[in-house]
Structure formats: C-alpha cells, structure tokens
Amino acid sequence: MLSPGLQKVLAQRHPTPYLALDPDVVRERHRLLRTAFGGATILYAVKACPEPAVLRALVADGAGFDVASQQEIALCLAAGADPATLQHGNPVRGPGAAARAAADGIRRFVTDSAEDVDALAAEVPGARVQVRLIVDDSGSATPFHGKFGALPGEAVGLLHRIRERGLVAAGVTFHAGSQQVRPQTYADAVGTALAVAGRAGLRRPELDLGGGWPVAYRSAVPGPEVFAAAVREAVDAAVTAGRVDDVTLFLEPGRALAAPAGVLRATVLRVSRRPGVDHRRWVYLDVGRYQGLAETEGEAVGYPIRVPDRSGPPGPAVLAGPTCDGDDVIYRRTPVALPLDLAAGDVLDLLGTGAYTSSYASVGFNGFGPLRVVVADRP
Ligand SMILES: Cc1ncc(COP(=O)(O)O)c(C=O)c1O
C-alpha cells in the first residue's frame, strides 16, 4: 500500500521518468528503527537519498547523519543539521578533507587504517574516532568484498594509536553489507566488535552497527525488532562476559529509511518480439541502469513492478533500459511478468526505489538525463 503522498504524486501524471518521493515515509521508518533499537542514535546514510526534503524531515525528527564527502556535509548543514550530529564515515579521505570537515564543525570520524589515524591527528586534534572492523557480509545483496575495515587484532592497535595521538577512541563500528538479511550476522559482528573494544580497554564504547538493514523488495525480510533482539542478546553476552560495562548504540541506515519512500515511474518505449533470439517479449523503458537503476547490476536488487493501467493476464518479459549500452538490461534472469497487452506508451512503476536510485543516476549517458525527483507535499 503506497503512502497518501506517493499516491498523490503519481496521480499527477508528471512526465516520466521520475522518482516520486515521500519524506513522511522516511520519517516513519526513522521512528520505527529508533524505537526498535530502544532509542539508539540514528545517523542516516545520506548517500542513499540526499534529497533536501528528506534531510529536512530527518533533522526535524532528531536524526543525525553519516556523511562521506564535503558535498554531503554541505547538504546536511543546508537542511539545518547541527554539525555535532554528523559523522564522517568514509575512511577514504584525501589530504585536507578531515580539516575541511572540521572547519564545518564535524568532530566525529570513522577510521580503519594507521595512515588515516595519523592524518586525523594532524588535521583534527581531539576528534572522536570510531574504528571500523571488517566483518562477514555474505548475507548481503551488495557486499563490500573487503574494501573497508580492519581485522580485530589490527583494530585493537588502531584504538591504542588513536589515544596515543591525542584523539578520543570513541568506539567500534562495522557494516554488515547492504540489504543484509541475517540477524545472526549482526549478532556475530557485535560479539567481535565488543571483544575488540574490551581488549582496547574501552569499558563504555560507542557501538555503531552501521547500515545494511534490509527492506522487503520481492521477499519478506525479518523486521527491525528481530535484528534488535539479536543485537541486544549479543551486547548482553559481552557485558555478562565482562568485556564491556555498557554500550551507546548508533545505527547508520540508508536503504531501510529511504527505499520504501520512493516509486520510480517509467514509460514503456517499445515492446519487441524477438523471434529466434528470445521467447520472451523485450520491454524497453525510458529509464535503466544509468538513470538510477544502478543496483540492478548483477540483478542484485529485484524491485517489485506494477503496471497501473493494465489488468490483462501476465506473461514473461525481459526488462531493459533506453540506452545503446549492452549492460543496460534491468532484469534478464529475475522473473518479470508483465501484462500481455502491455504496449508502448504505458506507464510502469518500480516500487521501493527511494534508496540508491536518484543518487546513482548518471548526468546524461547517451543523452538520457539524471533521474528527476518529485517530492510529495506535506499534507
Ligand atoms: C559507512 C556506511 N554507513 C551506512 C551505509 C548505509 O547502508 P544501508 O543503505 O545498507 O543501510 C553505508 C552504505 O554503503 C555506508 O557505507
């Protein structure tokens, strides 16, 4: 069931393609997650959907922000965020980047290497720093493949180094991979993270659970309360074992807040029969991999699809984008059933597309512009 705001935008029949976006849904999701995790601090991962209306709604709701660049910092500050609520979570910072963030009032950083700790010490004396651990992210739709994070022994050393360099060793963090569907993955990561914190002598560390919280695209996923129970159990076990006394919980959701707030409306450009090539119809849309559907690479994310103006019986189809690029095929393996009377000019909705779509769209590959966003008015 779409929110009243999304229904209203879609009923306005704007020229396609566009992303209909409802900040009220983001706010509801923020409250849901915060409540499930007992009032934990939520740092919204801006990369998921940096739309100003979304950032303003979250500022009004008391959220903080996980930012990765100076531009994301600027967006949050323009939306009214207090810089004290921003955390620079990208351990890949070029020379001077931390100092520029600090000039904007950012005091919280995440690191995963000795080189970065030394740079932080030089550029932001006294900053609060969390160490990111590498954890198993195999239950994720888009794993990090080891790009970030330190192994536990190294992480203990980094926490010591942070203190030796005059910084504040605030705690530990990890990212279990986006669209992570296994609660046990978080529980295991928490166990490792708190063992590291304990070994480094942090009795009351910040425990930042990162992002990864999944949404139900085509299949059901465990709800936030299931993940919260798994995390709580792992924290309790670490306290009982004497590793730490208590923790301050942070979460960095991106997808879980933004995905359900968006619907990507497209138009069918062509329905082709391809005798001898494919028994299925090929349905080409005015939006594809390069206008926001980046997460269909490898068919990692399977968005639910609906055709609002047709109700005929469905048949299988391949879904492709509008450009001349061979990779611009949205779903070839993922089953797509579309009405057999579907025709060029019909509109089609990709649901759950509020996260990682408009922020990924290219500036104009093959002349197809970036994805337009139409924000639902406040009721
Ligand atoms: C450091 C960090 N935090 C949070 C997120 C948000 O992840 P998700 O959208 O899976 O919740 C990301 C996404 O890549 C990230 O890199």
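For ligands, and for the atoms within them, numbers begin at 1 and follow the listed sequence. Residue numbers start at 1 and run along the sequence shown.
- With sequence neighbours excluded, no residue satisfies ring-ring contact (aromatic ring centres under 6.0 Å, His included) with H160.
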Pairs under 3.5 Å, N/O atoms on ligand 1 and on the protein: can you put them in a table with the distances?
{"from": "ligand 1", "atom 1": "3 (N)", "to": "D66", "atom 2": "OD2", "distance (Å)": "3.2"}
{"from": "ligand 1", "atom 1": "3 (N)", "to": "E252", "atom 2": "OE1", "distance (Å)": "2.6"}
{"from": "ligand 1", "atom 1": "7 (O)", "to": "H175", "atom 2": "NE2", "distance (Å)": "3.0"}
{"from": "ligand 1", "atom 1": "9 (O)", "to": "R255", "atom 2": "N", "distance (Å)": "2.8"}
{"from": "ligand 1", "atom 1": "9 (O)", "to": "Y356", "atom 2": "OH", "distance (Å)": "2.6"}
{"from": "ligand 1", "atom 1": "10 (O)", "to": "S178", "atom 2": "OG", "distance (Å)": "2.3"}
{"from": "ligand 1", "atom 1": "10 (O)", "to": "G212", "atom 2": "N", "distance (Å)": "2.9"}
{"from": "ligand 1", "atom 1": "11 (O)", "to": "G212", "atom 2": "N", "distance (Å)": "2.8"}
{"from": "ligand 1", "atom 1": "11 (O)", "to": "G254", "atom 2": "N", "distance (Å)": "2.9"}
{"from": "ligand 1", "atom 1": "16 (O)", "to": "K47", "atom 2": "NZ", "distance (Å)": "3.3"}

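- A donor-acceptor pair under 3.5 Å is formed between the side chain of Q179 and the backbone N or O of V215.
- In the hydrophobic clustering, I134 connects to L151, either directly or through intervening members, whenever side-chain heavy atoms lie under 4.5 Å apart.
- Looking at D22 and K8, no side-chain N of the basic residue comes within less than 4.0 Å of a carboxylate O on the acidic one, giving no salt bridge.
- Applying the salt bridge (charged side-chain N to carboxylate O under 4.0 Å, His left out) test to residues at least two apart or on different chains, the pairs with a partner in residues 349-370 are R265-D349, R306-D349.
- In summary, E295 and R255 engage in a salt bridge, as defined by a charged side-chain N under 4.0 Å from a carboxylate O.
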